Each structure stands twice: as structure tokens, then as C-alpha cells.
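Predicted model, so just to flag it, every value in this text is computed and none were measured. Whatever order the structure lists ligands and atoms in, that order sets their numbers, starting from 1.
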Amino acid sequence: MKESATLAVGARAAAMKAQGIDVVGFSMGEPDFDTPANIKRAAIAALEAGMTKYAPTAGDKAAREAIARKLQSENGIACTLQDVTVTAGAKHAVYMALQTMIEPGRGDEVILPTPAWVSYRPLIELAGGVCVEVAGAMANGFRATPAQVQAAMTPRTIAILLNSPSNPCGIVYPVRELKAIVDVIAANPKIAIISDEIYEKLIFPEIVAGTAHWSPGSDPRVADRTITINGMSKAFAMTGWRIGYLCAPGANGQFAKEVIKLQGQMTNSIASFFLPAVVEALAPASAAAVEEMRAAFASRAVLMHRLLSAIPGFRTTQPTGAFYSFPEISQLFGRVSPGGVEIDSAQAFADALLNEAHVAVVPGEDFGECARGHVRFSFACSPAQIEKGLARVEAFVRSLKAPASAGGCAGVTSRRL
Ligand code: PMP
Ligand code: GLU
């Protein structure tokens, strides 16, 4: 299978930094903030109290209860702790949901609105499924429409994978639009929903008034066939802790039981002394820290959009959630970098940008067929880094020349861009 493009660029940028190169990293979807102190203290206290043995596979009662309570009260999802398992990151929750749902060799299809996170397609295919992309047009804010979802359905469709707020688009579906997509699923009782809500807390109503999160699992028509996935990585700045969770209240608890069985054969529980940290993260004591980080991401989203929009040849949309911008750069294709690289793809652009201007971005190709002309910027870094990095990107773009064979004049070309 393909390696993760996000992790690959992140690793290359880290290796360059280790050689002393001043790389500005926009590649990793990883908050630059530290985990809030109260959450760290909960884990330290658990460790010191000797919570060092195996925990139940799905997590202990306190953590599962805290998650179930959060899903009930904040998301309106009717569930109990039996429906919940704590996983080694949301990534592992996505993996297990797909492994549990897909029957290899049957041609099971999973509808994926794209551009979408790089890991979904490989994980669908690894489970033996077929990934059916539904391309969200940039002119429609990268959002798939109910009609597109309807048209993508076949008798082999078993699920749709939703992710709002979206990685890599940085958009949040308006609640009524998401509900309209769920209407289509509700009318097709054999289709399940996997709703990856890991960016739930990172939405920016101060940028677009009324922006709000809504969980498909709260809709009684589809509640028994919706798997809600979330985790601690993004909202609580806990990427390295590797904590996610999955909630599947339907099928009389059978689906959750199957996932937990799989987890018991793969990883068993997460580190036991992290379980009290889950409870602490979801407690009211952590809300102020989460809000502080959210507000910082909101102001970076505005800065990012302003600076990216000023780069010639970039077309971009205002992020309203998560911490990603996903500009379209295909106007630059055909040009040549100062280092002599022909920019014939997003991959070539990202490679040349990293090698020549020391700025790391993720090329669009692995986010979906429709994303080939895009690159992803994660703005989970300081405003100073954003300004420094985007000044380099702008200078790099302005330095691109028309290919010699086209007979163009470089100066004229870059002004025209
Ligand atoms: N879903 C989405 C949409 C993501 O961007 C990520 C990135 N980390 C994950 C899931 C997985 O997160 P983690 O495994 O760190 O919980
Ligand atoms: N999800 C983050 C990203 O898209 C972290 C890396 C990964 O797991 O893909 O950058």
C-alpha cells in the first residue's frame, strides 16, 4: 500500500531540520500547542499511582463513560459506554471500522467525498473495499451535494465516510447540507455512515456566522448505522498520546463488540495510565484551554487566507474549520523552478518548494483525483512562521519561469500570473 503522504512530507521536513536547514513546516496536521497541563497531570498521577497494568481492551469504565456522556450531551448521540471503545488514535478507529464493515472479495463500495484525508482510500482498499470518490467542487466550497451522493450509490454501496470539519479542505458543512446528505442515506437502509469528527471543536463561527458542528449519529433515522469517530489529537493538542475513540450504538451492540474483538487481537487497550487523561480532557476543566487554541486557529485561518490569496497563481477558499488551507495551483503547471524542476504536478511543486525554498506542504494527489491541482497547508504553526513561510512561497512562485521551449519571457510571465 501507499505510504501516508502527510507523514512522508513531515518526515522529510524533520530530516532536513535535523541537518540544520531552516524549514518552515506546513505539512503536519499537528497543533503546535502543548497538551494542557491538567491533562498531563492526570496521566502523571495515574502513572505514579501504579496504573501500569493492562486495562480492559475497550478502555476502563471511567473513560468509556466519560466519552459516552460527552457524545450524549454535546452531540446528541444516544449511546452507552458499551457502544464505545478507546483506540490508539482516531486513525486506528477508522481502520477498525472499515475492517469490521467490509467483506473482502464482495466488491463492497465506500463512498468518499473528496478531497479527503490521505489515509481513507488506502484503509478502505486494505480492508478489501472499493473507494468511490465523490468530488466536491471548489466552486461549491469543496462540498459534495446530496445529488452527487445519490448518483454514486450502487447495490454494492455499504457505507459513506464523512469528515466535517474537513481535512484537507478546512471547511465545515453547513448543518442543513449535511442533513440533506444524511436524508439520502436515511432512504437507503443498507448504507452505513462513518463520521470522522476529529476536528469537531475547531470551527470558526467568527469567520462565517452560524458555522456549527452536527453529528449524523444524532439523527434517529440513521443512529443505529452510524459509527462516530473522534479523538484527542487535534482539539486537545495530544497527537503524540495516540488516543481516539469510536462509538457504534447500533446493531444491538454487535458492531461495537466486533470492533472490540478486533482491537483485542491487535493492540488491546491504549496505555492504561492515559485513560484518566481522557476523562480529564473531556471534563469542564479543559474547556478554556481548548477554546484558547480554537480562537488562535481561527485568527490564523484569516491570516493564512489573506496571505495565500495574494500569491499569484493560487486560488483558495477561506478556511472555516480544522487548520488547513487547500489552494489550487494548477495555473503554475508548466513553469520551471530556479533549480530547473518542471512544475508539472502538485507533487513536483511541493518537492521543488521544499528543496529550493525550504517550505514543506503536502501535494494534493493523495487527497483524491480532484485534488491533483492542489497543495495542502496546515496552519497549526505560529503566525510568525506563517508569515515567514508564505513570504518564501510567494518569492518561490514569483521566481518560476516559463519553459525555455515555450519561448516566453520570464519577467512578463511572472507578472501575468
Ligand atoms: N481523521 C482525520 C480527518 C485526520 O486528519 C487525522 C489526522 N491525524 C486522523 C483522523 C487521525 O488522528 P489520530 O490518529 O492522531 O487520532
Ligand atoms: N492527520 C494529520 C495530517 O493529515 C497527521 C498526519 C496523519 O496522520 O495523516 O497531517
- Message: I'd like to know if Y120 contacts ligand 1, where contact means a heavy-atom distance under 4.0 Å to any ligand atom.
- Response: yes

- Query: What atoms in ligand 2 come closer than 4.0 Å to a heavy atom of K234?
  - Reply: 1 (N), 2 (C), 5 (C)

- Message: I'd like to check which ligand 1 atoms, numbered from 1 as shown, lie under 4.0 Å from a non-hydrogen atom of S233.
- Response: 13 (P), 15 (O), 16 (O)

- Is it the side chain (CB and beyond), the backbone, both or neither of F367 that lies under 4.0 Å from ligand 2, heavy atoms counted? neither

- Message: Could you check whether any side-chain N or O of R225 sits under 3.5 Å from a backbone N or O of A192, counting only pairs where one atom can act as donor and the other as acceptor?
- Response: no

- Task: Please determine if A90 has a nitrogen or oxygen closer than 3.5 Å to a nitrogen or oxygen of ligand 1.
- Result: yes

- Query: Polar-atom distance check: D196 versus ligand 1, any N or O pair below 3.5 Å?
  - Reply: yes

- Where does the angle between the aromatic ring planes of W241 and F274 fall among parallel (under 30°), tilted (30 to 60°) and perpendicular (over 60°)? tilted

- Message: Check this for me - ligand 1, N167, N or O atoms closer than 3.5 angstrom, yes or no?
- Response: yes

- Who's closest to atom 7 (C) of ligand 2 heavy-atom-wise, of N167, T239, T6, V9? T6

- Under 4.0 Å between heavy atoms, the region of K91 that gets near ligand 2 turns out to be side chain

- Item | Pair F396 + F349: ring centers closer than 6.0 Å | yes

- Task: Say whether R242, considering both its backbone and side-chain N or O atoms, lies within less than 3.5 Å of an N or O atom on ligand 1.
- Result: yes

- Message: I want to know if ligand 1 touches H92 in the polar sense, i.e. an N/O pair below 3.5 angstrom.
- Response: no

- Message: Only heavy atoms of N163, strictly under 4.0 Å: list the atoms of ligand 1 that pass.
- Response: 3 (C)

- Could you walk me through whether L7 and M28 pass side-chain contact (heavy atoms from CB on, under 4.5 Å), step by step? CA-CA 7 Å; L7 299 183; M28 285 296 280; 3.8 Å; yes

- Message: So is I198 touching ligand 1 or not, going by heavy atoms under 4.0 Å?
- Response: yes

- Any atoms of ligand 2 less than 4.0 Å from a non-hydrogen atom of L7? List them with their elements. 6 (C), 7 (C)

- Message: Could you work out, for atom 7 (C) of ligand 1, the closest of E30, E197, K91, K234 by heavy-atom distance?
- Response: K234

- Which atoms of ligand 2 have any heavy atom of G29 under 4.0 Å away? 2 (C), 3 (C), 5 (C), 10 (O)

- Item | Sub-4.0 Å heavy-atom contact, M232 with ligand 1 | no

